[in-house]
Structures are given as C-alpha cells and as structure tokens.
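A short worksheet on the structure shown next.
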Amino acid sequence: MSRWYIIHAYSGFENKVKDAILADATRLGLEQLVDSVEVPTEKVTEVRRGKKVTSDRKFFPGYVLLKAAMNDDVYHLVKNTPKVTGFLGTNGKPQPISDAEAARILNAKEEVAAAAPKTKVKVDFDIGDQVKVLDGPFATFNGLVEELDFDRSRVKVSVSIFGRATPVELEFEQVERIK
C-alpha cells in the first residue's frame, strides 16, 4: 500500500533529488513501488526593474514528498540518493504522513496554480522607500512610497509637484526603487 513520506534534502537540490529518485527507481525496476515524487512550489509574481516576472518558489524548501509502497529497497533507494539527508520521522525511520495532510500540501500547490491571477506579488520596495516613476504622466519624478495595495497591484507614491507633496496611485511596474 502506497503512503506519503517526506524526504529531507539539501535546500536548492529538491528537483535534482526528485529526478534522481525517479531515474533510480526505473533503473532498479522499482517504478511500480514509487507512485509519485513531488516538490511543492507556488507561482510568485515579482516586480523587477519595472517589469512583472513570474517564477516558481518552493514553499517547503529542503523537502520532497514521496508516495511509495515503503520496503527495504525503496528505503535504500531514497537514502542512497545524493543530496538526501533522510526521512522525516523519529529515529531516522520514515514516518508516513496522512493522506489528508499530503492532499492539503498538494492542493495548496494546485490552488495556487488554478488561481494564477491571484499569485503573490513581491516588490523590491517598501513603505518609506524612495522610488522613481518610470512611465505615465509623472515619469522621471521621484517620490516616497506611502501605501502598497497587493490585491490591486498598486502603490501610492507621494511626489513633489511645484514644491508640494501630491499622492499619486500607480501600478507596481510603473515605479522602481532608488538604490
């Protein structure tokens, strides 16, 4: 019977561990015991230099989910995979997680993928930072970030017009932080 297990791997090598486990399972004839290997990720939209960039971000760095019928062969396959430090469990023994917990982790991954417009937006400026307006009627103006609205991807910037501070609402990609 297949159960879900959590493998602890070197951070940054999760995809290599996944590929190595699948390749070794095929090479050793254990693919019928290894059902699935997953690296939980989510889509994140960042604003860099005034442009939106979408990338995948691991929301459990250093961990890989494995659905397998655990026996000695599968255990040794995983333990002997490069960049794997072990299983999550007590005394080094693999402890299965419930199907509900695995579904919650994987559904979170699918919900993020299904809600592509609602991906998290990450910007390189914060409230109180000096920013430069890149386009629109206030292009080339500098201002101070007063408010961030992540739901609408908008930023409120206080720019100086004729010596007077004026709040202007812009989209995230219309401004960049002055370094």
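We number each residue from 1, following the sequence as shown.
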Heavy-atom side-chain contact between Leu77 and Val34 under 4.5 Å: yes
Qualifying salt bridge (charged side-chain N to carboxylate O under 4.0 Å, His left out) pairs with a residue from residues 10-26, counting only residues at least two apart or across chains: Glu14-Lys58, Asp24-Arg27
Sequence neighbours excluded - salt bridge (charged side-chain N to carboxylate O under 4.0 Å, His left out) pairs with any residue from residues 68-89: none
Close side-chain approach of Asp126 and Val145, heavy atoms under 4.5 Å: no
Nearest-0.5 Å distance, CD of residue Gln130 to CZ of residue Arg177: 11.0 Å
Spacing of Asn15 atom CG and Thr41 atom OG1 [to the nearest 0.5 Å]: 8.0 Å
Any side-chain heavy-atom pair of Val123 and Val155 under 4.5 Å: no
Chi angles and distances behind the side chain to side chain contact (heavy atoms under 4.5 Å, CB included) call for Val168, Lys156: CA-CA 6 Å; Val168 177; Lys156 189 181 281 186; over 6 Å; no
Option passing salt bridge (charged side-chain N to carboxylate O under 4.0 Å, His left out) with Arg154 (candidates Glu171, Glu147, Glu173): Glu171
Side chain to side chain contact (heavy atoms under 4.5 Å, CB included) involving Ser158 - partner list, sequence neighbours excluded: Glu146, Ala165
Cluster overlap Val175 with Ile161, hydrophobic side-chain contacts below 4.5 Å: yes
Contact summary for Leu134 and Ala139, nearest pair of heavy atoms: O-CB, 3.8 Å
Side chain to side chain, Pro94 and Tyr75, heavy atoms closer than 4.5 Å: yes
Nearest-0.5 Å distance, OG1 of residue Thr166 to CZ of residue Phe138: 7.5 Å
Near-ring test His8/Phe87, centroid separation under 6.0 angstrom: no
Members sharing Phe13's hydrophobic cluster (side chains within less than 4.5 Å): Tyr10
Shortest non-hydrogen separation from Ala9 to Val17 and the atoms involved: CB-CG2, 3.8 Å
Pairing residues for Ser36 by the side chain to side chain donor-acceptor pair (under 3.5 Å) criterion, not counting sequence neighbours: Glu38
Atom pair NE2 (His76) and CG (Leu28), whose distance is rounded to the nearest 0.5 Å: 12.0 Å
Single-linkage hydrophobic cluster Trp4~Met1, side-chain heavy atoms < 4.5 angstrom: no
Distance, nearest 0.5 Å, that separates OH of Tyr63 from CG of Leu88: 6.0 Å
Results of side chain to side chain donor-acceptor pair (under 3.5 Å) for Asp135 - residues two or more places apart only: Gln174
Lys132, NZ atom: more than 12 neighbouring heavy atoms under 6.0 Å: no
Plane angle bin for Phe172 and Phe125 - parallel if under 30°, tilted between 30 and 60°, otherwise perpendicular: perpendicular
